[in-house]
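The next block holds one structure in the form of structure tokens; read it before the comments.
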Amino acid sequence: MDYLESLNPVQLEAVTHEGPSLLILAGAGSGKTRVITTRIAWLIDQKKMNPRSILAVTFTNKAAGEMRERVAAMVPGAGGAMIRTFHSFGAWLMRQNAHLTPDLKQSFSIYDDDDSLSLLSTIFPDRTKKKLAPYSTWISRAKDYCLGPEDDLSQITTVPDFADVYALYDKKLRAVGNLDFGGLIMRPVELLRSNDELRRRIRQRFQVVMVDEYQDSNVSQFELLKQLSGEGNAVCVVGDDDQSIYKFRGAEVRNILLFPKQFPGTKIVRLEQNYRSTEPILEIASEVVSNNSDRLGKHLWTERKEGEKAKVVYLEDQMAEAEFCAFLLQDGRLADTAILYRTNAQSMSFETSFARLGIPYRIIGALRFLEREEIKDVLALLSFMINPDDAVAFVRVVNKPARGLGKAAVRKIIDESERTGVNLVEAADNVKLSAKAADGFFSFRKIYEFMTANVDCMPLSEFISEIIAESGLLSHYLKKDEMTASARENNLNELVSAAARYGDGQDALVQFLEELELDREAATGRDAPDKEAAVTLITMHNTKGLEFDRVIITGMEEGLFPSGREESPEDLEEERRILYVSITRAKNELYFTSCRSRRIWGRTSFFGPSVFLFELPDEHIEVIDGTGGGRPHYGSAAAAAVPPDAPEYRRGTGIYHDDYGSGIVVKTGEAGGQIFIIVKFENGRTGRFVPAYDAHLEIMSNEQWD
């Protein structure tokens with residue numbers, strides 16, 4: 001059992017637990033993947049469990065692949081364990097049991113957000129996509145909460161016709177025989193709830209169920225876990241409530257907070273030893289997140305006691321912020337550095353400055369490969385061949401390149417298909433079209449027949465290459481825009497290359513399309529890091545699971561992070577968790593930058609420092625004042641010293657601010673070595689300021705105001 005020797009005592013306790021339910025609270029950098037994979041290996045090797053009886057689910061194919069590789073390296077024959085993403089497991093379950101669901105084709109396609117919106121457009125052709133977009137978002141959110149059209153949807157939206165729109169969408173989706181992303185979880189829940197025999201078989205098959213990153217699960221995924229877990233099944237979830245940052249995607253932090261109550265007798269094991277960061281970084285992270293009340297509680301620690309203090313840098317504006325980052329990068333450690341920001345729009349100043357200065361950079365979270373127009377077109381064509389009832393794919397490609405089929409002609413064909421129940425190709429034969437439209441459809445039909453005749457006759461990559469050429473899409477893009485033609489052709493070639501490992505025939509095509517849709521980056525190799533030495537520009541949300549030697553957290557201003565639009569204490573706590581995740585990405589060096597002003601949407605706005613900066617422990621930070629003009633002097637104790645104290649601002653002091661007008665101090669305090677004040681202005685706005693760094697702030701009177 002060599003694989004157990006590298007574990008610390010707490011990790012070993014988690015790996016060898018034998019009770020019915022286990023919650024592993026795994027702090028950032030605490031080796032949770034090692035614990036999960038070792039536990040699977042231990043169950044197979046020591047407890048003699050059949051690998052086929054183990055199910056482990058996570059949230060990305062990359063994570064699932066890594067887990068499979070690690071387990072296989074530890075225990076021979078462990079390949080039988082099912083290690084998948086939630087959505088991949090849902091797709092597997094539904095394909096295996098499509099015969100139990102008459103409104104679902106075994107070769108179903110999986111709709112992404114754009115496809116779902118297009119489906120709504122076919123149902124409501126008189127409404128623009130812009131007006132339908134909120135409904136598409138609400139439907140997705142409803143499915144995250146496992147709510148159907150007949151349920152109480154008031155927590156999703158109070159728009160009166162939403163339930164009716166949702167019902168029509170669901171009816172159409174079932175008629176087409178496809179699934180959307182939400183349906184990959186919700187439909188298995190429905191099937192397992194309604195079919196006692198299937199539920200019994202699945203529980204008998206998977207005697208151990210493990211869930212990774214459980215803090216990111218939504219209500220539907222929790223309901224699926226309940227259906228998979230019966231008496232006699234062992235359930236283990238691994239996660240960190242302090243890293244639950246995907247509420248906007250439907251993640252429900254209460255899933256992990258309430259797990260011990262939902263599964264009585266749960267053993268909680270806390271992994272608190274961090275193997276990534278220095279002690280000052282971990283103390284800052286722990287101090288910040290301790291301000292949240294909704295948490296199970298843990299405190300990260302490390303044997304790496306030595307480490308630099310974090311730097312809090314006050315700057316004039318975002319261009320000074322970019323220049324400061326460029327200044328730091330003069331040491332050449334580009335690949336070791338990540339610049340984090342709360343919103344994508346903040347990357348602009350870094351891109352502009354770095355391009356001018358010749359600093360290589362890469363942006364994480366740009367347009368995804370499968371969201372590119374040319375790729376979606378080819379995949380829609382392939383999806384339609386598999387399922388000629390697919391109106392979404394049909395609308396996208398039937399007149400692309402232009403064949404003279406206008407919206408009215410396409411609508412006639414769709415209506416005829418719905419009226420008669422035949423597929424869209426057959427429906428077109430029964431519709432009277434203009435000569436131009438009829439010729440256009442004849443051209444499209446030839447492509448469709450070419451595909452169906454050849455899909456089983458050649459390797460999948462060769463087949464897709466032929467389709468790209470025969471459909472006219474390649475020549476269409478080469479002619480459309482000379483500036484982007486080369487990039488589009490390269491993207492199409494990459495798609496062809498990605499299909500090379502899938503074999504031949506329609507079954508291979510179905511598998512290819514499913515894996516692409518379930519893991520858009522990994523299936524095309526786009527998740528591989530850029531090997532060029534470049535600084536990473538990345539949103540805070542996208543840093544999850546990553547680590548960098550040096551991390552610069554930018555935009556630490558009230559009104560930006562947090563945004564000030566938080567509607568509840570829970571929203572503010574999630575923002576604080578986002579900061580916690582950002583801090584714990586750093587291994588050795590950590591910076592925070594806060595600008596006095598920032599140009600947003602063409603206007604210069606003035607901000608006070610983020611409330612989160614006042615939660616940083618003084619003993620682990622140093623302050624750099626870069627607001628005095630020019631580049632901040634960095635590197636000496638004198639340059640990092642806190643500026644002289646601001647004048648005393650007692651409660652009730654009259655204040656005038658150039659941008660906000662007249663106001664009154666309602667609170668004063670000191671944090672991070674700085675005096676701060678909270679001012680309520682006559683216009684009703686409230687702002688937080690550090691007087692030492694705000695030249696726009698003026699004391700009007702030291703007398704109490706009424």
Side-chain angles (χ1 to χ4, degrees), residues 109 112 114-115 118 121 129 366-388 390-411 413-414 424-425 428 433-500 502 504-506 508-509 512-513 516-517 520 523-526:
S109 296
D112 63 12
D114 286 344
D115 296 329
S118 296
S121 295
K129 280 193 173 183
L367 185 64
R368 293 178 178 178
F369 182 74
L370 289 198
E371 291 173 352
R372 299 178 189 276
E373 178 187 11
E374 63 273 19
I375 301 302
K376 287 185 72 71
D377 288 343
V378 173
L379 296 182
L381 197 58
L382 296 170
S383 295
F384 183 76
M385 185 211 73
I386 292 171
N387 181 7
D390 190 342
V392 170
F394 179 72
V395 169
R396 186 174 186 96
V397 297
V398 69
N399 196 44
K400 196 171 192 180
R403 302 183 177 91
L405 279 157
K407 290 184 178 180
V410 174
R411 185 73 244 173
I413 296 171
I414 292 173
L424 291 158
V425 176
L433 300 173
S434 68
K436 184 179 180 181
D439 287 344
F441 189 80
F442 178 73
S443 174
F444 176 74
R445 186 181 192 126
K446 284 174 62 178
I447 296 166
Y448 171 76
E449 291 174 346
F450 175 85
M451 291 192 295
T452 56
N454 288 280
V455 66
D456 292 317
C457 300
M458 61 185 78
L460 183 59
S461 59
E462 184 180 334
F463 172 72
I464 294 176
S465 181
E466 289 283 333
I467 295 307
I468 291 171
E470 289 291 328
S471 65
L473 287 172
L474 179 58
S475 59
H476 167 72
Y477 290 120
L478 294 179
K479 294 174 184 176
K480 182 178 179 181
D481 188 342
E482 292 183 3
M483 297 291 291
T484 62
S486 177
R488 289 178 185 268
E489 186 173 14
N490 288 339
N491 288 335
L492 292 170
N493 287 336
E494 187 171 353
L495 184 71
V496 171
S497 299
Y502 286 84
D504 308 343
Q506 184 162 315
L509 176 58
F512 174 63
L513 293 175
L516 274 179
E517 194 55 57
R520 302 181 178 193
T524 55
R526 302 292 277 213

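We number each residue from 1, following the sequence as shown.
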Do [X] and [Y] have side chains that get closer than 4.5 Å, going by heavy atoms?
X	Y	value
Ile375	Leu492	yes
Asn454	Ile467	no
Ile447	Glu470	no
Leu382	Ile386	no
Phe384	Val425	yes

Strictly under 6.0 Å, is that where the ring centroids of Phe512 and Phe463 end up?
no
Atom pair [atom1] ([X]) and [atom2] ([Y]), whose distance is rounded to the nearest 0.5 Å:
X	Y	atom1	atom2	value
Asp377	Leu473	CG	CG	5.5 Å
Lys400	Leu381	NZ	CG	11.5 Å
Arg396	Asp390	CZ	CG	12.0 Å
Leu405	Asp439	CG	CG	9.5 Å
Asp115	Lys376	CG	NZ	4.5 Å
Leu379	Glu374	CG	CD	10.5 Å

When you measure from the side chain of Ser465 to the backbone N and O of Ser461, does any donor-acceptor pair fall under 3.5 Å?
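Judged by distance alone, no pair lies under 3.5 Å.
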Does Gln506 offer a backbone N or O that forms a donor-acceptor pair with the side chain of Asp456 under 3.5 Å?
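Yes, Asp456 side chain to Gln506 backbone: donor-acceptor pair under 3.5 Å.
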Can you name the closest pair of heavy atoms from [X] and [Y] and give their distance?
X	Y	result
His476	Pro401	CB-CG, 3.7 Å
Leu460	Asp504	N-OD1, 4.1 Å
Phe450	Glu466	CZ-OE1, 4.2 Å
Arg403	Ser471	NH2-O, 3.5 Å
Ala453	Cys457	O-SG, 3.4 Å
Ser118	Lys129	OG-NZ, 3.2 Å

Qualifying residue, where the test is side-chain contact (heavy atoms from CB on, under 4.5 Å) with Phe441 and the options are Ile413, Leu424, Asn399
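Of all the options given, the one that passes is Ile413.
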Relative to each other, are the rings of Phe394 and Phe444 parallel, tilted or perpendicular (30° and 60° limits)?
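The rings of Phe394 and Phe444 stand perpendicular, inter-plane angle above 60°.
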